[in-house]
Each structure stands twice: as C-alpha cells, then as structure tokens.
K.L.:
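Structure provided below as structure tokens; questions to follow.
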Amino acid sequence: MTAGTDVGERADASGDHALVVEGVDSGYGDVQILHDLSMHLEAGEIVCLIGPNGAGKSTVLKTVFGLLTPWSGSVRLDGAEIAGTPPEDLVRRGVGYVPQIENVFSSLTVDENLRMGGVARESGLEARIEELYGQFSILEEKRGAKARTLSGGQRQVLAFARAMVMEPDVLLIDEPSAGLAPSIVEEVFENVEAVNELGTSIVMVEQNAREGLAISDRGYVLDQGTVRFEGSAEELLDDSEVADLYLGG
Amino acid sequence: MLSMLQYVANGIVFSSIIILGAIGLSLVYAIGNFANFAHGDLMTVGAFGAIIGGSFLTGYVPGTEVSIVGIPLSFYLAVLVGMVVATVVALATERLVYRPMDATPIQLLIASIGVALAYRGAIQLRYGAESRTFDVGRGGPIPIIRETIGVSVTQRHLVIVSLTVVLVVSLHVLLQYTTLGRKMRATADNPTLARVSGIRTSEVITAMWIIGAALAAAGGAFLGLDTLVYPDMGFDVLLVLFAAVILGGIGSVYGAVAGGLAIGMAHELTPLIPRVGAEYGPAVAFIIMVAILLVRPSGIMGDRQ
Ligand SMILES: Nc1ncnc2c1ncn2[C@@H]1O[C@H](COP(=O)(O)OP(=O)(O)O)[C@@H](O)[C@H]1O
Ligand SMILES: [Mg+2]
C-alpha cells in the first residue's frame, strides 16, 4: 500500500474539512455494503471515488446525502453531524447531489426540471436559471422539451444543471460520464472543473478512473465497501498496484 | 326508443361523475403509490357530508334558497361542505392509518379495503341504510333543448357537467402552471429525485389527498344529485372508477379524464346494442377496457412500457 496511508489519521487531522465521513457502516435493509469507511473532502477540492462495479461508491454518496442512514459512524458537514439528515434538508444546507441513474424528471420539461432544482431557493431563481441557460446553451435550445426526449449527454448536462441551480458548496456527483461518447465525456469533465473553480467542493464517483483522477486533487479507491487506497490523484495514477488492479493496467 | 343523442347526453353526465372519482384514484396511485380501494367510499363520505351539511345550511343560513341554473344556492354550498368533510376524513386517514403503517403498496391496498369498510359502516351506523335525495326541487327537462334537439336534459345535468368542467380545468391549470402542480408531477415522476431536489414530498402528498378527496366528494355529491345518496353508492361505482383509471393509464391524471369519458360513455351507450339492456352497462364498459388494453397495454395516456 504505497499510496495508501492511514485512513483514520487523515480524516481526523483537521476540523475544517468541508465533509468528513468517519468509520461508517451502511447498507440496504440488513445487507451491509460499507464497512468502517472513512474519507473526507477539503474545501475547494475535487475528490474522485473509483473502484470496481459494486464496490459501494454510489452507496457512499447515498449515505452522505441522507438517502441511507449510516448504521454506525459519523458524517459531518463543516464540523456538524449530518448522518441521517434527509436530502430535502441537506439541499438547504448547501449540499447538492446528482444521482447515477434516473437523475432527471423525464416527464417534465427541461425548464421545469431546473425549476424543481431550485424549489429550496429563497430568491433569484429566474436569474439563476437564465445564468445556467447562458452556460449550457443546449439546455436553452431544449428548454420546452420533455427531458425524456434528450440524448444521454444532454440528460447528464440537465442533471448537473438541476443540482447547480442551488449553487451548492458541496456537490456529490455519481458517474457523470457513464455511457457517454468520449468527446462528450471531456465536455462533462470541463463542466465539473468549471464549477469547482467557482468555489464548489466536489466528490465525484467515476468509472473512467484515469480521466476522473486527471481533473481531481485526490482520490479514494473503494473495494468491497471499504477504502483500499487513498492519496493525491498523481500518487494513485503512478501507483503500479492501483494501476494493475483498478485502472486497467 | 330514446334517440342516440339522448344516450350521449346521459353518457356525458355519468362520465363527469366517473372522471371526478377517477382523478383522485389515479393521483393516489401516482403519488401515494397504491391502489386505494377506499376511494369509492370517500365519494360516499363526500355525498353524505354534502346532504347532511347542506340541510343544516338551509336551516341556518338565510338566502340559500336563491337559485342558480334552477338549483338552490344551498346545494352548491352543500357540495363545498362535502368537499371539506371528505378532505378532513382523507387527511385523518392518511395520518392515522396509512402513514404510520409505513407499508408496501400491497399492504396499503389491503389496509384501504378495511378503511373502505370502516367508512361505509360508520355512515350506515349513523344515518341508516335508506336512500336520501338532495332537496333541490323537481325540475324536469329543459323545454328549449327538448324542443330543438329532442333530448331531455335537466338543469341538474347542466350543473353537474359544467361544474365538472370547471373543476377539471382548474386542476389542469394547477398541475401545469403552478409550483405546487410541478412539484406534484415531479414527485409522481421520481419521488427520490424530488427529495434530492429539495421538495418536501410529505407536503406534496398532503396536497394530493386534499385534491383527490375534494374531487371525490364533488363526484359523490353529483352522483347523489343525479340518482340517490345511500351508504353503498361509492362502492357501487368503485370498479367503474378502476376501469377508467386503468384504461386511461394508471397514475395519469389526464388518462383518468380520458378513461372516465370512455368508460362513462360505454356504460350509458350499452342499451344501443341490440338485445343488450342497460343493466349490462358495467360489463360492456369492462369489455371495452380489456379491448383497448389489448391494443395499448399501458392505457390511453400511459407511458410505462
Ligand atoms: N437499492 C439497493 N438495494 C439492495 N442492494 C443494493 C442496492 N443498490 C446497490 N446495492 C448493492 O450494493 C452494492 C454496492 O452497490 P453500489 O454502491 O451501487 O456500487 P458502485 O456504485 O460502486 O458500483 C452492490 O452489491 C449492489 O448490488
Ligand atoms: Mg454506482
């Protein structure tokens, strides 16, 4: 474990992390998926979660975002415990989440999807939506179209924009490039980077591990519900064991 | 032998009543996520709320004998009372029965059968099993319509159909052009993503019950105005409501309107079929439902493949 250092030590090192997950067990019904999982996100970072299918990456995001309640352990946002806080409250505390699947309202129009993304905004909804149309011209072109008529790439853009209506401080995003053509993948990552530069800290799950790590500050390799390796993106990309096992050689 | 147009007129009246019931049934399926077998009896609750509440109004509120389209103001107020009663009953049921159960759709369906029996039993216990009529005067067919096109349409029928149109159009505007309506559609579409977006779905579910119950009550009161008010009245149309909802595409409000129209018409046009009497109306309605579902398995407006 060259790139992997002691997980608990890192997570505890500082109190001003944007997000800390510490010793979390979680799962579905009575099936445990996450085992003593710890990770953190510093303000301003992009952190990438990689690992094989079924490793529990999506489960981590669902547990952080209150769709699952951790069985034990702690989840803290700016130092405050948020384990089990429901999603509708987390949205109001500056956390956003883009699910891996079914991440748009398919029977609603593009415009209505964005409005639903902003139900918790107290003011400036119209201006914010116009701003997003300026940023994502494809959405502006399709504003009256039902989301189900969009292509896969357009849907990912809409799902991303829906979460961005709230201008979250912390964004959790699950496989934004899944199933997209390589040219579009690049565009999606550019969007993620652009949002990060405007001050949003990001946890991103990615199947395209190399490309995902390339735009990230740090990464965690998950396997069987726990962190196997962690380190800076460069360390993970350079680590031969990580490369062999998780980056496809 | 009545004219074809007469059957169509009867069909429009019956369809109106079915549509009002079917919308709520479909809403509960779409947002509450279960088939509510108590919905027919909720129509009965609304009808009794209207007829009992209305008789108090005529006694204590002056001026209720003024008539609008030949129907006294007291009836319109009574419908409002029925809507309020049904809404309170539906919300109380949701809080005391469905929500605490935290159950699967099948468990909720079975619970709703119990709720249906409880509504019906409570009404019969308090008000007896006999039939009642709304005290709105006799009012025969409107002469001018009868003379011009030979169809007998009463003022009651006109009131039922026009108020149904007003209610359905209002619901359409609510669903399409208000934030609450968009939240309702979003929650029906994808409840998890709705919460992820910040929608407080428990508030949306409350709104859904209020709308469904109020429309059911209006449908029940109109059914009572057209025929009789008695404890089994809502249960007697429940299967027809389900046929309308399934035909329209279960979970779709617009489907419930289309399905209600088709089923209501089929039900009333049955006597036009040679050697088939009006008593086979429900059977013919179901045959039509099955036939359409064979061609469009997800219903008229259904989008589930
Ligand atoms: N809704 C669910 N109910 C039960 N098990 C689930 C559910 N979602 C995922 N799982 C299981 O949890 C494990 C981890 O899944 P997931 O977190 O989606 O993995 P990843 O995102 O890393 O591919 C898998 O074994 C998967 O089968
Ligand atoms: Mg996943």
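Throughout, a chain's letter reflects where its sequence line sits, starting with A, and its residues are numbered from 1.
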K.L.:
Using modelled atom types and a 3.5 Å cut-off, is there a donor and acceptor pairing between side-chain atoms of A:Asn103 and backbone atoms of A:Pro99?
P.N.:
yes
K.L.:
Would you call A:Glu112 and A:Arg162 a salt bridge, using N to O less than 4.0 angstrom?
P.N.:
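No.
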K.L.:
Is A:Val95 in contact with chain B via its backbone, its side chain, both, or neither, using a 4.5 Å heavy-atom distance?
P.N.:
neither
K.L.:
Could you check which of B:Leu193, B:Thr201, B:Ile199 has the highest count of heavy-atom pairs closer than 4.5 Å to chain A?
P.N.:
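Option with the top pair count is B:Leu193.
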K.L.:
Do the charged groups of B:Arg200 and A:Asp89 touch, with an N to O distance under 4.0 Å?
P.N.:
yes
K.L.:
Side chain, backbone, both or neither: which part of A:Leu67 has an atom under 4.5 Å from a heavy atom of chain B?
P.N.:
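Only the side chain of A:Leu67 comes within 4.5 Å of chain B.
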K.L.:
So which part of A:Phe65 gets closer than 4.5 Å to some heavy atom of chain B, the side chain, the backbone, both or neither?
P.N.:
side chain
K.L.:
Under 6.0 Å between ring centres, would you say that holds for B:His172 and B:Tyr254?
P.N.:
yes
